[in-house]
Amino acid sequence: MYKITYYVGCNDKDTLKQELPDTQIISVIDSVFDNYTLSQTQGRFTNKDGVKTFEKSFVVTIITDCNCDIDDVYIDNNCFVLKSKLNQESILVTKELIQASFM
């Protein structure tokens, strides 16, 4: 099984503030993914002006029992859509091979 986690910041890449309401961000996430777990958290980063900034973030976790490798093109396409629709500079993604079972 694979666990793929996307860390999606809510701050607009240009204004460095959250411009979209949570409901619209979740709607975009929902248009990209079918089966996922969504968590809300807060991240901290140093912005382009050198200022430490707090940012609301959503963590999208997908567990798949697909026996094939999850193609990097699949991940890249998801990131492209999220970055475009949410005006993000980047999306952090982790991909892990895990042992898990649905019980």
Side-chain angles (χ1 to χ4, degrees):
M1 295 187 114
Y2 284 96
K3 175 182 173 185
I4 305 166
T5 307
Y6 297 79
Y7 298 86
V8 182
C10 295
N11 286 6
D12 183 275
K13 71 177 179 141
D14 299 313
T15 66
L16 303 177
K17 296 179 181 174
Q18 184 171 338
E19 300 291 340
L20 301 174
D22 290 356
T23 53
Q24 188 172 349
I25 294 169
I26 293 169
S27 178
V28 169
I29 290 169
D30 201 39
S31 73
V32 174
F33 304 106
D34 289 326
N35 302 305
Y36 62 91
T37 300
L38 185 65
S39 304
Q40 182 178 316
T41 189
Q42 188 175 47
R44 184 173 179 169
F45 69 98
T46 303
N47 70 28
K48 63 185 176 187
D49 297 325
V51 177
K52 289 189 179 182
T53 303
F54 285 98
E55 173 180 33
K56 182 190 297 181
S57 298
F58 287 102
V59 179
V60 179
T61 305
I62 299 166
I63 306 289
T64 179
D65 59 358
C66 177
N67 290 330
C68 58
D69 287 340
I70 299 300
D71 193 308
D72 287 341
V73 172
Y74 168 82
I75 293 172
D76 288 343
N77 287 340
N78 291 340
C79 289
F80 176 79
V81 171
L82 291 169
K83 290 190 303 184
S84 298
K85 291 186 176 183
L86 301 176
N87 201 28
Q88 293 295 300
E89 185 71 31
S90 61
I91 305 290
L92 174 65
V93 180
T94 61
K95 176 182 161 185
E96 305 169 70
L97 181 61
I98 62 169
Q99 290 183 334
S101 20
F102 293 100
M103 303 178 90

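Here the structure is a predicted model, which is why all the values come from computation and not from measurement. Here, residue 1 is the first one in the sequence, and each next residue gets the next number. The figures that follow rest on heavy atoms only: side chains count, while hydrogens, waters and symmetry mates do not.
One hydrophobic cluster holds both V93 and L97 under the rule that ILVMFWY side chains link at heavy-atom gaps under 4.5 Å. Cluster annotation: L92 and V59 are assigned to the same hydrophobic cluster (Ile/Leu/Val/Met/Phe/Trp/Tyr, side-chain heavy-atom contacts under 4.5 Å, transitive). One hydrophobic cluster, built from ILVMFWY side chains closer than 4.5 Å, holds both V81 and L38. The cluster map of Ile, Leu, Val, Met, Phe, Trp and Tyr, joined by side-chain heavy atoms under 4.5 Å apart, puts V8 and I62 in the same cluster. Under a hydrophobic-cluster definition in which Ile, Leu, Val, Met, Phe, Trp and Tyr are linked whenever side-chain heavy atoms come within less than 4.5 Å, directly or via other members, Y74 and Y36 are assigned to the same cluster.
No side-chain heavy atom of T53 sits under 4.5 Å from any side-chain heavy atom of L16.
Taking every heavy atom of both residues into account, E55 and N11 meet most closely at OE2-N, 2.7 Å. The minimum heavy-atom distance between S57 and G43, with the atom names listed, is OG-N, 4.2 Å. K83 and E89 make their closest contact through CD-O, 3.6 Å (heavy atoms, listed as atom of the first residue, atom of the second, distance).
Taken to the nearest 0.5 Å, the CD1 atom of I91 stands 6.5 Å off from the CG atom of L86. A distance of 9.0 Å separates CD1 in I75 from OG1 in T94, rounded to the nearest 0.5 Å. Atom OG of S90 is separated from atom NZ of K13 by 10.5 Å, given to the nearest 0.5 angstrom. Taken from CZ in F45 to CZ in F54, the straight-line distance is 11.0 Å, to the nearest 0.5 Å. Distance CG/D30 to CD1/I25: 13.5 Å, rounded to 0.5 Å.
Take D22 and apply the salt bridge (charged side-chain N to carboxylate O under 4.0 Å, His left out) test, not counting sequence neighbours, and it matches K56. Not counting sequence neighbours, the partners of F33 by the ring pair (Phe, Tyr, Trp, His ring centres under 6.0 Å) test are Y6. Under the rule for a side chain to side chain contact (heavy atoms under 4.5 Å, CB included), the partners of K3 that lie at least two apart in sequence or sit in another chain are T5, T61, I63, E96, I98.
Within 6.0 Å of atom CZ in F80, 12 or fewer heavy atoms from other residues, nucleotides or ligands are found, so the atom counts as exposed in its surroundings.
The backbone N or O of I26 sits nowhere less than 3.5 Å from a side-chain atom of Q24 that would complete a donor-acceptor pair. Q88 places a side-chain N or O within 3.5 Å of a backbone atom of G9 that can act as its donor or acceptor partner. Using a distance-only test at 3.5 Å, with no hydrogens or angles considered, a donor-acceptor pair links the side chain of D12 to the main chain of D14.
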